[in-house]
Protein chains: 2
Amino acid sequence: MSLVKHLSSFISISKPLEKEITAISQKISSLKGEIIINVDERCEQLFFVEKGLLRGYYFDEDKEITNWFSQEEEFATCFYSFIAKKPSFEIIQALEDCELIQLNYSSLQNLYTKFPETERIGRLITESYYIKLEERILNLQFKTAKERYQKLTSSKPSLLQRASLGQIASYLGITQETLSRIRSEI
Amino acid sequence: MSLVKHLSSFISISKPLEKEITAISQKISSLKGEIIINVDERCEQLFFVEKGLLRGYYFDEDKEITNWFSQEEEFATCFYSFIAKKPSFEIIQALEDCELIQLNYSSLQNLYTKFPETERIGRLITESYYIKLEERILNLQFKTAKERYQKLTSSKPSLLQRASLGQIASYLGITQETLSRIRSEI
DNA sequence: GAAGCTTTTTGACAAATGTCAAAAAAAGAA
DNA sequence: TTCTTTTTTTGACATTTGTCAAAAAGCTTC
């Protein structure tokens, strides 16, 4: 689904706005495995995944920890870096060949100013992502490894085929050995 | 600090807007221990803590789990309930005598429409709260109980005096016995 | 299809954290 | 104060999950 179409599910998009969004956004393709944003770079792009799968991860003492996945019709960015204009602690990698739409930080800010109605979209989208994070916290707080895995199984079943065991395990906050054992006993 | 003053750190607030905000917001007081929003109620209020401390918590099989604390100059609401207009799974309780400013969901939506510049404030605030949640996830994902406690000690030292051990423990995703042991060995 | 990677599984054991119960300490109420 | 209730600490033990190492399985690439 295109970005404009996705956005129009939040608020109706006028023709001039649609034109502007198209004008300031770039389509890019990434190959499987490609690093799109590296650690210590400032992430100045907001990505919208048209096709494919991205993940954000970081290193904690040589251990790779996956922080998020973004699949079709989801946004992706190093949120902290993007918003706070600081170097990113995380790395964005394409886990599949991807078609992405890229929006630059400054063009997005200009868009907000030029088309104030987009502020609302920005707010609504941020709110919806906030709710997702909150749910993840509830899981990490007191659910067992197995429960967290089962929850993921039902909420994002396709992810289990598309990301590796190790990536999924660290996303759930467990080791891959533990996840492997959980999976074998179900 | 007043709400208007707090908001003006995000964006300059015009006189008419200030008036409007004052008009639609109500000051309320809550006594220590008071339940402000109960489970299964729809939470239609956004609170701004002028003085005191609130917590949001929920029950997971008879176990009380604290989900967040909000202290001076922070907002509080049952986010999911407020945004999705669904019954709340969490309970808001005053942990101290509080002075709160209360904004109704529908007046807030009207405010967004009447003063479009407030959309930006809404977005910026949501973004900043998103970043905080993200940081919490990083801690819950792979930090040990001790590391999480130490992080809280440095980021919100006053909380340790103001909330009970059990409340802090569940917020960190550990049992109070474990937290008690961590605390005694430091 | 063999050789060389990478990912997943398995095993043995260690460490962290949870559970349950009871004692001690602190806070509140009468 | 004294009594009562709540919170915190401590102990013994169970459970979950992690760690390290090696084997097995699955992919690539020539």
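Just so it is clear: chains get the letters A, B, ... in the order the sequence lines come, proteins before strands, and each one is counted from 1.
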Consider the side chain of [X], meaning its heavy atoms from C-beta on, and name the nucleotide among [options] that approaches it most closely.
X: B/S180; options: D/dG18, D/dT9, C/dT8; result: D/dT9
X: A/S184; options: C/dT8, C/dT10, D/dT8; result: C/dT10
X: B/F142; options: D/dG18, C/dT10, C/dG18; result: D/dG18
X: A/T175; options: D/dT19, D/dT8, C/dT17; result: D/dT19

For the pair B/R123 and B/E119, find out whether any cationic side-chain nitrogen is under 4.0 Å from an anionic carboxylate oxygen.
no
Do A/R181 and D/dG18 share a donor-acceptor pair, side chain to base, under 3.5 Å?
no
Pick one: which of B/K156, B/R162, B/K51 meets salt bridge (Lys or Arg N to Asp or Glu O under 4.0 Å) with B/E72?
B/R162
Send over the distance from [X] [atom1] to [N] [atom2], rounded to a whole Å.
X: A/L165; N: C/dT6; atom1: CG; atom2: P; value: 17 Å
X: B/Q176; N: C/dT19; atom1: CD; atom2: P; value: 12 Å
X: B/L179; N: D/dT7; atom1: CG; atom2: P; value: 15 Å
X: A/L95; N: C/dT6; atom1: CG; atom2: C1'; value: 15 Å
X: B/I174; N: D/dT9; atom1: CD1; atom2: C1'; value: 14 Å
X: B/K146; N: C/dA16; atom1: NZ; atom2: C1'; value: 12 Å
X: A/Y149; N: D/dT17; atom1: OH; atom2: P; value: 15 Å
X: B/E64; N: D/dT8; atom1: CD; atom2: P; value: 12 Å

Checking all strands, does [X] fall into the base, sugar-phosphate, or nothing category for heavy-atom contacts under 4.0 angstrom?
X: B/K63; answer: nothing
X: B/G33; answer: nothing
X: B/S164; answer: sugar-phosphate

DNA chain C: 5'-proximal contact among B/K32 and B/E177 (nearest heavy atom):
B/E177
Does any non-hydrogen side-chain atom of [Y] lie less than 4.5 Å from one of [X]?
X: A/I65; Y: A/F59; result: no
X: B/R55; Y: B/N67; result: no
X: A/I168; Y: A/L172; result: yes

Considering just the side-chain nitrogens and oxygens of A/R183, establish if one lies under 4.0 Å of OP1 or OP2 belonging to C/dT9.
yes
